[in-house]
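Just so you know, these numbers come straight off a predicted model, no measurement behind them. One-based numbering along the sequence shown. All values below were derived from every heavy atom in this structure, side-chain atoms included, with hydrogens, water molecules and symmetry-related copies excluded.
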Amino acid sequence: MQGQDGERDGRGARNGGEPRAGAPAGTSAEVPAEVPAGSPAVAPDAEPRRGRPRSAAAERAILDAVIALLEAGEPLAGLSIERIARTAGVGKATIYRRWSGKEELFVDVVRDMEPTDPPVSGTAGLADLRVMLESLRTRGLAQRSSVLLVNIFAQMKSHPKLWEEYHGTVIAPRRVAMLEAVRRAVAAGELRDDLDVELIDDLFVGPMLVRTVHRPDAPLPDDLADRIITALLQGLAPAARV
């Protein structure tokens with residue numbers, strides 16, 4: 001079958017696909033036409049061939065193939081690159097040009113299914129914190145409404161290498177971004193400067209994580225991020241009596 005990126009799946013490849021049986025490593029999968037005697041192998045003024053651009057259509061087909069297989073009940077551990085390539089209609093080489101292995105591919109599948117991280121200014125403090133807290137809330141809503149996402153996360157946590165990849169490429173950068181926003185808020189005088197920034201970050205993120213992760217039945221109202229920020233800024237001590 002002809003796949004994306006001009007590759008044939010399972011019947012020999014071309015243009016960078018899988019080599020044919022018996023072909024030396026690193027050679028093309030197709031036998032070049034015989035060059036007539038006395039003819040130069042390459043025209044003197046021929047330009048070197050450039051690598052092909054990555055195909056957005058091929059990437060979309062691969063991500064959709066993984067999602068379709070998972071929806072059909074295939075476990076993450078049972079998915080192979082060969083099966084994914086066959087379902088997507090591409091060669092294995094197309095997948096390996098984009099992802100180093102299954103873990104990296106599966107993380108991108110999860111990121112594709114989750115709501116996109118909203119842009120932040122990178123200069124504001126509390127305003128950026130609010131945007132990121134709201135993003136946590138919307139991701140929590142998405143996971144609650146998707147049985148597939150719930151199932152994927154449950155499987156990811158039982159595969160340390162996959163969970164480590166997700167944590168390192170998704171969770172850790174989000175935490176760094178939150179810490180940077182806390183530092184900006186402290187520098188701008190919006191938050192106290194006598195507390196550890198990691199503690200401040202935990203105080204903001206903690207309530208949202210409890211609601212979205214540890215209490216799946218807890219409400220996630222639209223104004224939850226604002227309520228968390230307001231409660232922290234005002235403090236939990238009762239108002240002074242006049």
Side-chain angles (χ1 to χ4, degrees), residues 54 59-60 62-71 74-81 83-84 95-122 125 128-185 195-218 220 224-225 228-229 232:
R54 291 171 64 162
E59 292 188 8
R60 182 72 263 160
I62 293 164
L63 295 174
D64 287 345
V66 176
I67 293 172
L69 290 168
L70 292 172
E71 287 178 335
E74 294 287 343
L76 280 173
L79 291 182
S80 66
I81 294 296
R83 179 78 182 278
I84 296 168
I95 296 178
Y96 283 119
R97 274 197 298 272
R98 292 156 173 79
W99 296 279
S100 61
K102 291 198 301 182
E103 288 78 16
E104 190 176 315
L105 169 57
F106 291 159
V107 167
D108 274 0
V109 169
V110 175
R111 296 175 80 167
D112 183 68
M113 296 177 66
E114 291 183 322
T116 304
D117 288 339
V120 295
S121 71
D128 282 355
L129 279 172
R130 189 208 174 279
V131 171
M132 287 184 272
L133 285 176
E134 173 61 14
S135 179
L136 279 175
R137 187 187 74 86
T138 56
R139 284 199 300 275
L141 287 171
Q143 290 181 26
R144 289 184 182 185
S145 63
S146 172
V147 175
L148 181 57
L149 268 177
V150 172
N151 184 32
I152 289 175
F153 274 106
Q155 294 186 61
M156 284 173 62
K157 291 178 181 179
S158 64
H159 295 82
K161 188 175 180 181
L162 179 54
W163 183 249
E164 181 181 351
E165 179 74 20
Y166 181 79
H167 189 279
T169 60
V170 179
I171 297 178
R174 286 172 180 165
R175 176 168 172 75
V176 169
M178 285 286 292
L179 285 170
E180 290 175 348
V182 169
R183 291 188 179 98
R184 292 195 296 272
L195 294 178
D196 177 69
V197 293
E198 293 204 6
L199 174 60
I200 297 176
D201 179 67
D202 290 343
L203 290 173
F204 279 106
V205 178
M208 191 66 78
L209 288 180
V210 167
R211 288 286 186 99
T212 57
V213 177
H214 302 294
R215 292 181 56 201
D217 59 334
L220 295 174
L224 182 57
I228 291 172
I229 292 173
L232 287 172

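Considering only residues two or more places apart in sequence or on other chains, D108 meets the side chain to side chain donor-acceptor pair (under 3.5 Å) condition with W99. Take E134 and apply the salt bridge (Lys or Arg N to Asp or Glu O under 4.0 Å) test, not counting sequence neighbours, and it matches R137.
For the pair I152 and M113, the minimum side-chain heavy-atom distance is below 4.5 Å. Within the 4.5 Å cutoff, side-chain heavy atoms of L79 are placed close to those of L70. Between V170 and V110, every side-chain heavy-atom pair lies at or beyond the 4.5 Å cut-off.
The line from NZ of K102 to CG of L162 is 9.5 Å long, rounded to the nearest 0.5 Å. Rounding to the nearest 0.5 angstrom, the gap separating the CD1 atom in I171 from the CD atom in E165 is 12.0 Å. Interatomic distance, F106 CZ to H159 NE2, rounded to the nearest 0.5 Å: 9.0 Å. The CE atom of M156 sits 5.5 Å away from atom CH2 of W163, with the distance rounded to the nearest 0.5 Å. Rounded to the nearest 0.5 angstrom, M178 CE and S135 OG are separated by 10.0 Å.
Across all their heavy atoms, P118 and V131 have their closest contact at CG-CG1, 3.6 Å. Pairing each heavy atom of E114 with each of Q143, the nearest pair is OE2-NE2, 3.6 Å. Among all heavy-atom pairs drawn from P173 and H167, the shortest one is CD-O, 4.3 Å. The minimum heavy-atom distance linking A142 with L149 is given by the pair O-CD1, 4.1 Å. Heavy-atom minimum distance, A177 versus M132: O-CE, 3.6 Å. A pairwise comparison of heavy atoms in R98 and E104 identifies O-OE2, 3.6 Å as the closest pair.
In this structure, F153 has its ring center under 6.0 Å from that of Y166.
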Working note: R139 + T212, criterion side-chain contact (heavy atoms from CB on, under 4.5 Å); need CA distance, chi angles, decisive distance, verdict.
CA-CA 8 Å; R139 284 199 300 275; T212 57; over 6 Å; no
Does L220 form a side-chain contact (heavy atoms from CB on, under 4.5 Å) with T138? I'd like the steps, not just the answer.
CA-CA 9 Å; L220 295 174; T138 56; over 6 Å; no
Evaluate the side-chain contact (heavy atoms from CB on, under 4.5 Å) criterion for residues L63 and L105: first the C-alpha distance (whole Å), next the side-chain angles of each, then the deciding distance (0.1 Å), finally the verdict.
CA-CA 8 Å; L63 295 174; L105 169 57; 4.1 Å; yes
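A salt bridge is defined here as a Lys NZ or Arg NE, NH1 or NH2 lying under 4.0 Å from an Asp or Glu carboxylate O, and R60 with D112 meets this definition. The existence of a salt bridge linking R83 and E74 is confirmed by a sub-4.0 Å separation between a basic side-chain nitrogen and an acidic carboxylate oxygen.
The environment of E164 atom CD is sparse: at most 12 non-hydrogen atoms of other residues, nucleotides or ligands sit within 6.0 angstrom.
At least one donor-acceptor pair closer than 3.5 Å links the side chain of S145 to the backbone N or O of L141. Remark: the backbone N or O of L76 is paired with a side-chain donor or acceptor of Q155 at under 3.5 angstrom. Judged purely by atom type and a 3.5 angstrom limit, D128 uses its side chain to pair as donor or acceptor with the backbone of G122. Side chain of R130 to backbone of A225: no donor-acceptor contact under 3.5 angstrom is found.
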Could you pull out all donor-acceptor pairs under 3.5 Å where a side-chain atom in residues 197-208 meets a protein atom, sequence neighbours excluded?
unit_1 : atom_1 : unit_2 : atom_2 : d
E198   : OE1    : R175   : NH2    : 3.3
D201   : OD2    : R175   : NH1    : 2.8
D202   : OD1    : R175   : NH1    : 3.4

